[in-house]
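Order of the sequence lines sets the chain letters (A, B, ...), proteins ahead of strands, with each chain counted from 1.
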Amino acid sequence: MNLSFFAQVYEIVGCIPEGKVASYGQIACILDCPRNARVVGWAMCQCPPDLPWFRVVRSDGSLANKDFYELQRVMLEAEGIPFLPDGSIAMETYQWSPDFQA
DNA sequence: CCATTGACGGAAC
DNA sequence: TGTTCCGCCAATG
């Protein structure tokens with residue numbers, strides 16, 4: 001498992017089921033590196049087309065860049081995750097429970 | 001090898 | 001309560 005954080009992040013994100021979301025810090029925590037939240041986000045920037053990056057949101061339940069906000073919003077709504085009038089999602093309800101099966 | 005960047009997180013103001 | 005700043009780590013140039 002000498003995969004870079006990069007690859008590990010891909011593994012975690014790829015394990016997120018539909019209708020669920022995970023925060024960058026949560027993924028970093030799964031990797032046992034809660035401070036790598038930024039690295040996770042950076043890995044998402046390199047997100048391959050196979051990666052459901054749209055299921056990854058901020059700890060606040062809000063999205064990141066405006067450019068991706070609308071796209072992410074559409075993708076999440078398509079997954080069955082409604083957006084609050086606040087512009088964020090009820091991550092408390094939709095946050096994915098990591099099973100450590102990565 | 002050094003400097004910069006980056007789709008974050010939390011603490012400070 | 002909202003906004004701003006710093007810190008953190010890895011990858012790229």
Side-chain angles (χ1 to χ4, degrees):
Chain A
M1 302 307 207
N2 294 327
L3 301 175
S4 308
F5 272 90
F6 231 70
Q8 294 187 70
V9 171
Y10 295 153
E11 291 287 302
I12 301 298
V13 178
C15 282
I16 304 176
E18 299 183 5
K20 293 285 180 172
V21 295
S23 57
Y24 297 92
Q26 185 179 358
I27 296 173
C29 191
I30 296 170
L31 298 178
D32 196 63
C33 291
R35 295 131 126 136
N36 282 30
R38 265 190 125 165
V39 183
V40 175
W42 185 66
M44 294 284 91
C45 190
Q46 300 294 306
C47 67
D50 306 3
L51 193 75
W53 56 272
F54 47 84
R55 290 183 194 152
V56 187
V57 299
R58 284 191 85 161
S59 61
D60 302 279
S62 51
L63 305 184
N65 258 309
K66 299 178 183 176
D67 303 299
F68 300 99
Y69 173 69
E70 52 186 313
L71 180 57
Q72 212 170 17
R73 174 171 177 167
V74 172
M75 297 302 275
L76 291 174
E77 287 187 304
E79 299 278 33
I81 303 177
F83 268 69
L84 302 175
D86 175 74
S88 34
I89 62 181
M91 49 177 299
E92 304 250 336
T93 305
Y94 296 103
Q95 189 167 53
W96 169 54
S97 304
D99 256 319
F100 288 92
Q101 54 188 306

Do [X] side-chain atoms and [Y] backbone N/O form a donor-acceptor pair below 3.5 Å?
X	Y	result
Q8(A)	I27(A)	no
Q26(A)	W96(A)	yes
Y10(A)	D50(A)	no

- prompt: Want to settle it: does R35(A) or Q46(A) sit nearer the 5' end of DNA chain C, counting the closest nucleotide to each?
  reply: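 In this pair, the answer is R35(A).
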- prompt: So, are E79(A) and K20(A) salt-bridged, with charged N and O less than 4.0 Å apart?
  reply: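 So E79(A) does not pair with K20(A) through a salt bridge.
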message: For dC8(B) and S59(A) - does any side-chain N or O of the residue sit under 4.0 Å from the phosphate oxygens OP1/OP2?
response: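 The answer is no; no side-chain N or O of S59(A) sits under 4.0 Å from OP1 or OP2.
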field: Outermost DNA chain C nucleotides near chain A [under 4.0 Å, heavy atoms]
entry: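 Taking any atom under 4.0 Å from a heavy atom of chain A, the span is dG7(C) to dT12(C).
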message: Rounded at 0.5 Å granularity, tell me how far CD1 in I81(A) sits from CD in Q72(A).
response: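 Those atoms lie 9.5 Å apart.
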Nearest-angstrom distance from the residue atom CH2 of W42(A) to P of dT4(B): 17 Å
task: Using whole Å, report how far CD1 of I27(A) lies from P of dG6(B).
output: 20 Å
- request: Specify the closest pair of heavy atoms between N36(A) and A28(A), including all atoms of both residues, with the distance to one decimal.
  value: C-CB, 3.8 Å
message: If I compare all heavy atoms of G61(A) with all of S88(A), which pair ends up nearest, and what's the gap?
response: O-CB, 3.4 Å
message: Please classify the nucleic acid contact of F5(A) as base, sugar-phosphate, or nothing, using heavy-atom distances under 4.0 Å.
response: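 Sugar-phosphate contact only - F5(A) comes under 4.0 Å of backbone atoms but never of a base.
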- request: Could you tell me whether C33(A) contacts a base, only the sugar-phosphate backbone, or nothing, with contacts defined as non-hydrogen atoms closer than 4.0 Å?
  value: nothing
task: Using Watson-Crick or G-U wobble pairs with both distances under 3.5 Å, give me DNA chain B in dot-bracket, 5' to 3', with [ ] for crossers and | for pairs to another strand.
output: .|||||.||||||
- prompt: So do the side chains of L63(A) and F68(A) get within less than 4.5 Å of each other, counting heavy atoms only?
  reply: no
